[in-house]
2 protein chains.
Amino acid sequence: MSVVVHRAAADMLHGAGQRYTNQRRRLVELLMRAGGPGSIPEILGAGRGLKQSSVYRNLAELERAGVVSRVVTDEEFGRWELSEALAGHHHHLVCSSCGRVEDAVMPSGFERSLDRTLDGLARGAGFAHLRHRLDLIGLCADCANDATA
Amino acid sequence: MSVVVHRAAADMLHGAGQRYTNQRRRLVELLMRAGGPGSIPEILGAGRGLKQSSVYRNLAELERAGVVSRVVTDEEFGRWELSEALAGHHHHLVCSSCGRVEDAVMPSGFERSLDRTLDGLARGAGFAHLRHRLDLIGLCADCANDATA
DNA sequence: CTTCCTGCAAAAGTTTTGCATTAAC
DNA sequence: GTTAATGCAAAACTTTTGCAGGAAG
């Protein structure tokens, strides 16, 4: 699986006239292992030796090539994940206490009915519906425990 | 309606030992009229005479009191709206081309089934489900026209 | 050998903070 | 009168950019 992702990432970059360098491979590897979007501090801390300006530039380049996507949050720094082209369509469980973000997949039947509902909404407002973004906000197990204790 | 909102905002602030000053009233008025979340540049530009540092401080204070909420986007500046306590539960239509954001409401039956589905997801992952955030990403009428032309 | 990538340092952008002044209650 | 809000300027913060050196093809 990880081989498939790296192969795809390499192809996507090469198609854009870009190289799949060691540092870019490390970023993809890191995001693939994470189980959810990784924040800039996590990336800079974890990926020992990854330099700030190169990380920003490489994430931007990987995004242009369609390999990664920026995730919107209310945090003060960025979060990045593998694009849905590589990771599949999914949603996020966001802990409002510690900021942790995990991936989650909804039943495909529900996705379909959600998209139909949004099509209707969009039509009514003159919007062309491209995609949606659905996050569950709550407390992760750790933070829920802390609150109880 | 606007009277009701101002009254509620005043109560919420007073409950927190804060004052409902002219500037805070102008912020609430502005966000109430907007039909969607307002960005910091819009607020600073539109509300003539609103000073940058005071706007940031007042939005933070209004958020603490539960009057307004920060909206997450991928823009480089903040967006703010009336809280759901005042404006009711709703979603956003986001134009991926120009950044415009409009409010939208989904059929209540669909909201219920969405919440049930998310309850299941949360339980499976050890999350305590508090609320959700659902945005439709697409092209507003103006940008769709530009693309066609 | 040409093009792209990397790293450092500096700049740009938004947001936050310190402090003296002014307004609200 | 006492406490909180405002405005200005400076600081903090993340992110972007310029430029020289190094690696990739």
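Order of the sequence lines fixes the chain letters, A, B, ..., with proteins taken first and strands second; residue numbering starts at 1 for each chain. The figures here come from the full heavy-atom set of this structure, side chains too, leaving out hydrogens, waters and symmetry mates. Every value quoted in this text rests on a predicted model; they were computed, and no experiment measured them.
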Go nucleotide by nucleotide along DNA chain D from the 5' end; which of B:S53 and B:R19 gets its closest nucleotide reached first? B:R19
Per nearest nucleotide of DNA chain C, the residue lying toward the 5' end, B:H14 or B:G78, is B:G78
A:T21 has its side chain closest, among C:dC8, C:dC5, C:dT14, to C:dC5
Could you state the atom-to-atom distance from CG of A:L27 to C1' of C:dC5 in whole Å? 13 Å
Working to the nearest 0.5 angstrom, can you tell me the gap between B:R100 CZ and B:L93 CG? 10.0 Å
Is any side-chain N of the basic residue among A:E29 and A:R33 closer than 4.0 Å to the acidic one's carboxylate O? yes
Taking atom P of C:dT6 as reference, at what distance in whole Å does atom CG of A:L59 sit? 11 Å
Starting from C1' on C:dC5, measure out to CZ on A:R25 and report it in whole angstrom. 15 Å
Where does the angle between the aromatic ring planes of A:H132 and A:H129 fall among parallel (under 30°), tilted (30 to 60°) and perpendicular (over 60°)? tilted
Identify the 5'-most and 3'-most nucleotides of DNA chain D with at least one atom closer than 4.0 Å to a non-hydrogen atom of chain A. D:dT14 to D:dA24
Among residues 66-76 of chain A, which residues get a heavy atom nearer than 4.0 Å to DNA chain D? A:R70, A:E76
Spacing between B:L44 atom CG and C:dT16 atom P, to the nearest angstrom: 13 Å
Any side-chain heavy atom of B:R131 sitting closer than 4.5 Å to one from B:H89? no
Could you give the OH-to-P distance, from A:Y56 to C:dG13, as a whole number of Å? 16 Å
Please check: side-chain N/O of B:E84 versus main-chain N/O of B:H90, any donor-acceptor pairing under 3.5 Å? yes
Distance-only, no hydrogens or angles: does the A:S97 side chain make a donor-acceptor pair with backbone N or O of A:L139 under 3.5 Å? no
Can you check whether A:G66's main-chain N or O pairs, donor with acceptor, with A:S83's side chain at less than 3.5 Å? yes
Determine whether more than 12 heavy atoms belonging to other residues, nucleotides or ligands lie under 6.0 Å from atom CZ of B:R25. yes
Counting N and O atoms only, with roles assigned by atom type, does the side chain of B:S39 sit under 3.5 Å from a partner on the main chain of B:R79, one being a donor and the other an acceptor? no
May I have the distance from A:E61 (atom CD) to C:dT3 (atom C1'), rounded to whole angstrom? 13 Å
What distance do A:W80 atom CH2 and A:I43 atom CD1 have between them, rounded to the nearest 0.5 Å? 8.5 Å
Quick one: do B:M106 and B:L134 satisfy side-chain contact (heavy atoms from CB on, under 4.5 Å)? Show the steps, please. CA-CA 10 Å; B:M106 293 210 305; B:L134 170 60; 3.6 Å; yes
Does C:dA24 have OP1 or OP2 under 4.0 Å away from a side-chain N or O of B:Q18? no
Distance test, side-chain N/O of A:Q52 to OP1/OP2 of C:dG7, below 4.0 Å: no
For B:R57 and B:F77, find the nucleotide of DNA chain C closest to each by heavy atoms; which residue's nucleotide sits nearer the 5' end? B:F77
Please check: side-chain N/O of B:R24 versus main-chain N/O of B:L62, any donor-acceptor pairing under 3.5 Å? no
Just need the stems in DNA chain D: three or more back-to-back Watson-Crick or G-U pairs, each with both distances under 3.5 angstrom, sorted by first number. C:1-12 with D:14-25, C:14-25 with D:1-12
